[in-house]
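Reviewing the structure listed below.
Within every chain, numbering begins at 1; the chains are lettered A, B, ... in the order of the sequence lines, protein sequences first and strands thereafter.
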Amino acid sequence: MSKYRTHTCGELNIKNKNTDISISGWLNKKRDHGNLLFLDLRDNYGITQCVIDKESKSFKDLEKIPLETVLKINGTVLQRSDETVNKDLSTGEIEVKIKTHVILGTTKELPLPVFTDQEYSEEIRLKYRFLDLRRKKIHKNIILRSKVISFIRNEMQKMGFLEFQTPILTSSSPEGARDFLVPSRLNPGKFYALPQAPQQFKQLIMVSGFDKYFQIAPCFRDEDARADRSPGEFYQLDIEMSFVDQSNVFDVVEKLMVKLFNNFSSKKMLYDKFPKIKYTDALMMYGSDKPDLRNPLKIYEITDIFSRDDVKFEIFKKLVKKGSIVRGIVTKQTSNQPRSFFDNIDKWAKTEGASGLAYFTIEKDKIITGKGPVGKFFSEDSLKEIMKITSAEVGDSIFLACGTKNEVEKILSLARDKIGSDLNLIDENSFAFCWIIDYPMFEKDEETGKIKFSHNPFSMPQGDIDNIDLSNPLEILAYQYDIVCNGIELSSGAIRNHIPQLMYKLFKVAGYDKKDVDVKFSGMINALSYGAPPHGGIAPGIDRIIMLLADEKNIREVTMFPMNQNAQDLMMNAPSEVEGTQLKELGLEIKKK
RNA sequence: GGGGGUGUAGCUCAGUUGGUUAGAGCGAUCGCCUGUCACGCGAUAGGUCGAGGGUUCGAGUCCCUUCACUCCCGCCA
């Protein structure tokens with residue numbers, strides 16, 4: 001028992017009737033009837049209505065105190081009359097008749113109301129995050145976050161994984177995102193980097209013989225923010241396992257995700273065994289390597305149609321001749337949609353930087369015709385061919401994009417989302433997980449034209465690794481995979497390359513010679529040279545998992561103390577300038593602009 | 001780095017074609033009210049209309065510049 005309370009504000013019920021209790025909490029709401037005063041006291045656990053009348057000594061004081069004052073209430077639990085029961089509160093059958101009170105913490109005038117459902121600006125919320133966090137919805141989200149993390153720890157331990165911490169101050173890595181740098185006092189002119197992920201460490205843990213590792217790992221990347229991407233820091237469920245192939249990793253993650261999502265959400269899981277989609281197929285069918293499988297729309301390749309003489313759509317034909325491709329999205333039975341539906345999508349595509357989306361609807365009178373601005377350009381035979389390729393039927397519509405492969409994929413991927421939500425095709429009450437597999441090992445840098453690693457340079461290539469053919473590096477696939485849910489990329493992972501000789505070969509393709517590798521990845525390459533087990537892993541993003549479970553669109557709604565879009569902490573005033581003496585100690589000088 | 005949106009009272013917002021003294025709800029302060037649970041009623045205080053410049057007889061409103069927040073593109077092995 002505490003000197004501040006016998007019960008919490010969510011605890012009292014009819015069983016406590018007529019007992020003397022004390023509770024402490026924040027003054028959530030006052031209802032002052034002049035001679036009778038209701039006070040709602042709130043703590044982490046709930047809300048309890050307290051009542052006091054004019055005869056009581058505390059009345060005058062309590063009538064005046066502002067909302068969010070912290071109070072201790074001593075009183076008696078009374079059963080409420082039937083008409084005054086509040087079914088929305090767990091404590092709604094009782095109220096506390098106040099005998100005495102103590103003010104534990106006073107408040108200045110509030111910069112934002114706590115008791116309200118209204119939204120307010122991020123700026124004010126982040127500056128007064130401690131007030132914002134008192135509000136019901138975000139308070140609940142943060143508690144959910146805690147429970148999810150405990151659940152994950154527990155499940156991982158049950159599956160035999162060991163949790164380890166890895167260094168926060170480590171070395172800068174040449175690949176990947178921009179590093180956060182930390183100057184070293186003892187080594188002037190040198191810098192630590194905060195880890196973008198514990199990638200090398202988790203592999204070293206495997207080389208060290210610990211077999212199965214996990215960590216709720218902080219990761220730091222100095223890149224610009226998005227709604228689903230905190231600037232600076234985020235958390236991953238970092239996993240690595242020895243003596244596994246990718247199916248073993250999939251089994252562990254599927255088991256965990258199914259349990260986790262069933263436990264914390266009432267939405268249904270569309271698949272218990274997550275579909276595996278090849279990277280190239282994903283780009284073809286969905287235009288993206290993070291498809292939302294709740295959306296039934298698919299993309300079809302119909303470039304060849306535009307080489308036919310009976311197709312007169314000259315703009316597209318000309319582009320196709322020059323090497324452009326044409327792909328389309330079919331929407332089922334949309335012939336009776338108003339003209340505005342189609343025009344809005346075309347207009348929308350233009351705002352997304354595309355040249356628009358051509359469209360027509362397939363109709364049949366005596367013969368099959370195309371209706372819509374470009375429908376007249378297609379002969380009956382060509383329409384039949386399109387219907388064959390896309391499985392479209394009379395009454396369906398087709399949206400067409402023409403351009404380079406990248407352009408077409410990008411706009412049609414966005415169009416899938418846009419049209420899917422406009423037509424209400426997406427079941428918001430479900431989770432659709434999938435694996436994207438068979439990523440290419442290398443890709444061509446658009447700007448420099450050079451070959452570079454497409455994802456993780458430590459991934460194991462597929463095929464005969466003893467006699468690997470490096471003459472066509474862009475065709476080499478890797479044991480590299482992503483897990484995606486509802487169109488959100490949760491994580492990527494890979495089976496790692498544990499063979500140093502093979503690694504040298506692959507790095508060579510990406511333009512690093514042996515010396516470069518030895519210097520830049522000395523820890524890794526050295527460790528792999530002394531008996532490394534085959535190993536692999538994955539690292540699902542904790543924040544995004546919690547976003548999905550909490551049904552939030554913004555990562556700040558599930559982050560306790562987030563930074564704003566400019567990577568500033570408005571509450572703590574970070575980043576900030578530092579004393580000249582600190583800089584001097586570090587051997588740093590600030591160049592004034 | 002680029003594009004879109006927003007910026008009016010402590011908070012959330014309205015403000016017509018450019019036209020009198022810029023409004024509402026919540027909150028604050030004061031008063032009334034014994035069964036509310038978004039209690040009700042009355043009054044008062046509270047404004048550099050993000051900032052700067054311009055057009056105009058007159059600008060919250062139109063134009064230019066700039067700042068802040070936010071969403072997106074780039075970026076994120």
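- Nucleotides of RNA chain B nearest to Glu55(A) and Gln565(A) differ in position, and the one nearer the 5' end is that of Glu55(A).
- The stacking criteria are not both satisfied for His33(A) over the base of rU36(B), which would need a centre-to-centre distance under 5.5 angstrom and an angle between ring planes under 30 degrees.
- Atom C1' of nucleotide rC72(B) and atom NZ of Lys418(A) are separated by 14 Å, given to the nearest angstrom.
- Rounded to a whole Å, the CZ atom of Arg226(A) is 10 Å from the P atom of rC75(B).
- Taking only side-chain atoms of Asn35(A), from C-beta outward, the nucleotide of rC72(B), rA68(B), rU34(B) with the closest atom is rU34(B).
- One C1' atom belongs to rC69(B), the other to rA28(B), and the distance between them is 26 Å to the nearest Å.
- Between the base of rC75(B) and the side chain of Arg229(A) there is a donor-acceptor pair shorter than 3.5 Å.
- Annotation: of the two residues near RNA chain B, Tyr120(A) and Leu414(A), the 5′-most nearest-nucleotide partner is Tyr120(A).
- Checked against rC33(B), rG35(B), rG1(B), the side chain of Asp32(A) finds its nearest nucleotide in rC33(B).
- Side-chain polar atoms of Tyr504(A) and Asp518(A) form a donor-acceptor pair below 3.5 angstrom.
- Between Met460(A) and Arg496(A) the shortest heavy-atom distance is CB-O, 3.6 Å.
- Asp132(A) comes within 4.0 angstrom of no nucleic acid atom, judged by non-hydrogen atoms across all strands.
- Between the CZ atom of Arg80(A) and the C1' atom of rC37(B) there is a distance of 7 Å, rounded to whole Å.
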(message) Run the side chain to side chain donor-acceptor pair (under 3.5 Å) test on Gln118(A) and Tyr120(A) for me, step by step, so that the C-alpha distance in whole Å, both residues' side-chain angles and the decisive distance to 0.1 Å come before the verdict.
(response) CA-CA 7 Å; Gln118(A) 92 187 357; Tyr120(A) 29 58; over 6 Å; no
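- Within the 4.5 Å cutoff, side-chain heavy atoms of Val484(A) are placed close to those of Ile436(A).
- Residues Asp228(A) and Arg544(A) share a closest heavy-atom pair of O-NE, 3.1 Å.
- Here Asp222(A) lies out of heavy-atom contact (under 4.0 Å) with every strand.
- In this structure, CZ of Phe180(A) is placed 12 Å from C1' of rC76(B), rounded to the nearest angstrom.
- When heavy atoms are screened at a 4.0 angstrom cut-off, Ser121(A) is found touching the sugar-phosphate backbone but no base atom.
- Scanning both residues, Leu126(A) and Pro562(A), for their nearest heavy atoms gives CD2-CG, 3.7 Å.
- Regarding Asn566(A), its CG atom lies at a distance of 14 Å from the P atom of rC72(B), rounded to whole Å.
- Between Tyr279(A) and Tyr439(A), the ring-plane angle classifies as tilted under the 30° and 60° cut-offs.
- Residue contacts shown for Glu119(A) are limited to sugar-phosphate atoms, with no base heavy atom under 4.0 Å away.
- Arg135(A) meets the salt bridge (Lys or Arg N to Asp or Glu O under 4.0 Å) test with Asp132(A); sequence neighbours excluded.
- Using a 4.0 Å heavy-atom criterion, one finds that Gln49(A) contacts the bases of the nucleic acid, with or without backbone contacts as well.
- Between rG53(B) and rC13(B), the distance separating the two C1' atoms is 29 Å to the nearest Å.
- Across rA43(B) and rG25(B), the matching P atoms stand 10 Å from one another, rounded to whole Å.
- Candidate nucleotides rC39(B), rU34(B), rU70(B) were compared by shortest atom distance to the side chain of Arg31(A), and rC39(B) ranks first.
- Residue-level contact check: Asp88(A) touches neither bases nor backbone, having no heavy atom under 4.0 Å from any strand.
- Checked against salt bridge (Lys or Arg N to Asp or Glu O under 4.0 Å), Asp61(A) has no partners two or more places apart in sequence or in another chain.
- Salt bridge annotation for Lys347(A)-Asp343(A): absent, with no cationic side-chain nitrogen under 4.0 angstrom from a carboxylate oxygen.
- To the nearest 0.5 Å, atoms CG (Asp289(A)) and CD1 (Ile277(A)) are separated by 10.5 Å.
- Of the C1' atoms belonging to rU55(B) and rU65(B), the separation is 15 Å, rounded to the nearest Å.
- Taking atom P in both rG46(B) and rG2(B), one finds a spacing of 43 Å when rounded to whole Å.
- Legend: residues meeting side chain to side chain contact (heavy atoms under 4.5 Å, CB included) with Ala574(A), ordered by chain and number and at least two apart, are Asp569(A).
- For rC75(B) and rU61(B), the P atoms lie 39 Å apart once the distance is rounded to whole Å.
- Heavy-atom distances under 4.0 Å link RNA chain B to no residue of residues 488-505 of chain A.
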(request) Could you provide the dot-bracket string of RNA chain B, using ( ) for intrastrand pairs, [ ] for crossing pairs and | for bases paired to another strand, with Watson-Crick or G-U pairs below 3.5 Å? (result) (((((((..((((.....[...)))).(((((.......))))).....(((((..]....))))))))))))....
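- At a threshold of 4.0 angstrom between heavy atoms, the contacts of Arg125(A) with the nucleic acid are absent.
- Using a 4.0 Å heavy-atom distance criterion, Phe38(A) is classed as a base contact.
- Separation of the P atoms belonging to rA9(B) and rG1(B) is 30 Å when rounded to the nearest angstrom.
- rU17(B) and rG60(B) are spaced 15 Å apart, taking the C1' atom of each and rounding to whole Å.
- Straight-line distance from the CD atom of Gln568(A) to the C1' atom of rC67(B): 12 Å, rounded to whole Å.
- Across all non-hydrogen atoms, the minimal contact from Ser58(A) to Thr100(A) is OG-CA, 3.8 Å.
- Atom NZ of Lys127(A) and atom P of rC69(B) are 12 Å apart (whole Å).
- If you check every strand for non-hydrogen atoms under 4.0 Å, Glu95(A) touches a base.
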Could I get a table of every N or O pair under 3.5 Å where one atom is in the protein and the other is in nucleotides 26-31 of chain B?
| residue | atom | partner | partner atom | Å |
| --- | --- | --- | --- | --- |
| rG27(B) | OP1 | Lys29(A) | NZ | 3.2 |
| rG31(B) | OP2 | Lys64(A) | NZ | 3.4 |

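- Between Glu409(A) and Arg327(A) there is a salt bridge, since at least one side-chain N of the basic residue sits less than 4.0 Å from a carboxylate O of the acidic one.
- Residue contacts shown for Lys410(A) are limited to sugar-phosphate atoms, with no base heavy atom under 4.0 Å away.
- Ring geometry, Trp435(A) versus Tyr481(A): the interplanar angle exceeds 60°, so the pair is classed perpendicular (tilted spans 30 to 60°).
- Atom C1' of nucleotide rC76(B) and atom CZ of Phe234(A) are separated by 8 Å, given to the nearest angstrom.
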